[in-house]
Amino acid sequence: SDLPVSDVAGARVLLKLGDSVTTDHISPAGAIKADSPAGKYLTEHGVARKDFNSYGSRRGNHEVMIRGTFANIRLRNRLAEREGNWTVHHPLGAAMPFFDASEAYRAAGTPLVVLAGKMYGAGSSRDWAAKGPALLGVRAVVAESFERIHRSNLVEMGVLPLVFTGGQTADALGLTGREAVTLRGLASLAPRATVRVEARRADGTVVAFDALARVDNAQEVEFLRHGGILPYVLRGFLGARG
């Protein structure tokens, strides 16, 4: 294909997570709270609080759903002091909801990654568990292992699943989530290739390690190269017409 996957340079960590983070932690679910980014969005658009309803009832509205991604009250993002819809923007060091951080990073042209433990994406399959992070600007998830279906859902959304190798973990490597992360070797991505990850701390020191790209076959490489299954299908459709 003539579309190389570009290396991800200077990415920031949106979340640093432990083990068994489920699709219920990731996917927008439950009632929409007034003081949440989704609640504020609905208020700004003239929706009365009594009519907010649930994320499930607003599945067709990506503006609401993106604001509810990772907003589970029991989510424990180790970058933040408290549970729920919080992260810390770096290098600002300011605490803010995921969507607000995503918008600030997007404005600066900064890609995002997620660090996770074992069985990331466990639980029932939910399409928004992959779609939401992709829309927030997450380019890769580096985890100890992935739930099988969620891994393929990430690839179909153009998000690269990477697995720590050699028994390494984010904690064992001393990663705090405050580093700037560069992924090398994506331009020549092949199924189950090794990707070099370089995490640069504020003091300039670099932690470098190898991760396994869980892009398991040539078709998945193509999805990733096109930024997901939808752009892939659209490009094929437009190419066939041209």
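These values consider heavy atoms only, across backbone and side chains, with no hydrogens, waters or symmetry-generated copies.
For S27 (side chain) and D24 (main-chain N/O), no donor-acceptor pair under 3.5 Å exists by modelled atom type. Here the side chain of E156 pairs no donor or acceptor atom with the backbone of L154 at under 3.5 angstrom. For the pair R67 (side chain) and E63 (backbone), a donor-acceptor distance under 3.5 Å is present. Side chain of R200 to backbone of G204: a donor-acceptor contact under 3.5 angstrom is found. Between the side chain of H25 and the backbone N or O of V21 there is no donor-acceptor pair closer than 3.5 Å. A donor-acceptor contact shorter than 3.5 Å links the side chain of T182 to the backbone of G10. Remark: the backbone N or O of V181 is not paired with any side-chain donor or acceptor of E179 at under 3.5 angstrom.
Taken from CG in N153 to OG1 in T23, the straight-line distance is 9.5 Å, to the nearest 0.5 Å. Within the model, atoms CG of D19 and OG of S145 stand 7.5 Å from one another, a figure rounded to the nearest 0.5 Å. To the nearest 0.5 Å, atom CE of residue M65 and atom CD1 of residue I32 are 8.5 Å apart. Separation of atoms CG (L15) and CD1 (I26) is listed at 9.0 Å; rounding is to 0.5 Å. Rounded to the nearest 0.5 angstrom, H89 NE2 and E103 CD are separated by 11.0 Å. In this structure, CZ in R192 is found 10.5 Å from CG in N217, a value given to the nearest 0.5 Å.
For L162 against A213, the heavy-atom pair with the smallest separation is CD2-CA, 3.7 Å. The minimum heavy-atom distance between A101 and L14, with the atom names listed, is CB-CD1, 4.2 Å. Listed here is the closest heavy atom pair of V138 and V159: O-CG2, 3.5 Å. The shortest heavy-atom contact between L189 and V221 is O-CG1, 3.7 Å. Annotation for F164 and A116: closest pair CE1-O, 3.8 Å, computed over non-hydrogen atoms.
Side-chain atoms of H226 and R235 form a donor-acceptor pair, as typed in the model, at a separation below 3.5 Å. A side-chain donor from one of S124 and R126 sits under 3.5 Å from a side-chain acceptor of the other.
At a threshold of 4.0 Å, the pair D127-R59 counts as salt-bridged, since one of the basic side-chain nitrogens sits closer than that to a carboxylate oxygen. We find that D216 and R151 are joined by a salt bridge, their nearest charged nitrogen and carboxylate oxygen being less than 4.0 Å apart. With salt bridges taken as basic N to acidic carboxylate O contacts below 4.0 Å, one links R196 and D210. The residues R74 and E83 are annotated as not salt-bridged, no charged nitrogen and carboxylate oxygen being separated by less than 4.0 angstrom.
Both L173 and V8 sit in one connected hydrophobic cluster of ILVMFWY residues. Membership requires side-chain heavy atoms under 4.5 Å apart, directly or through other members. Under the 4.5 Å side-chain contact rule for hydrophobic residues, V88 and M96 do not share a cluster. Cluster annotation: L42 is connected to Y55 through the hydrophobic network of ILVMFWY side chains, with a link wherever side-chain heavy atoms come within less than 4.5 Å. Using a 4.5 Å cut-off between side-chain heavy atoms of Ile, Leu, Val, Met, Phe, Trp and Tyr, with links allowed through other members, F209 and L17 fall into different hydrophobic clusters. Residue L175 is not grouped with residue V163 when hydrophobic side chains (ILVMFWY) are merged at heavy-atom distances under 4.5 angstrom, including chains of intermediate members.
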Hey, mind stepping through W128 and L135 against side chain to side chain contact (heavy atoms under 4.5 Å, CB included) and telling me if it holds? CA-CA 10 Å; W128 268 98; L135 288 173; 3.7 Å; yes

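Paired with K16 under the rule side chain to side chain contact (heavy atoms under 4.5 Å, CB included), one option of D171, V114, T87, T176 passes, and it is D171.
In this structure, R82 is positioned above the aromatic face of W86, its NZ or CZ under 6.0 Å from the six-membered ring centre and within 45° of the axis.
Atom CZ of R76 has more than 12 neighbouring heavy atoms from other residues, nucleotides or ligands inside a 6.0 Å radius.
F98 pairs by the ring pair (Phe, Tyr, Trp, His ring centres under 6.0 Å) definition with F70, not counting sequence neighbours.
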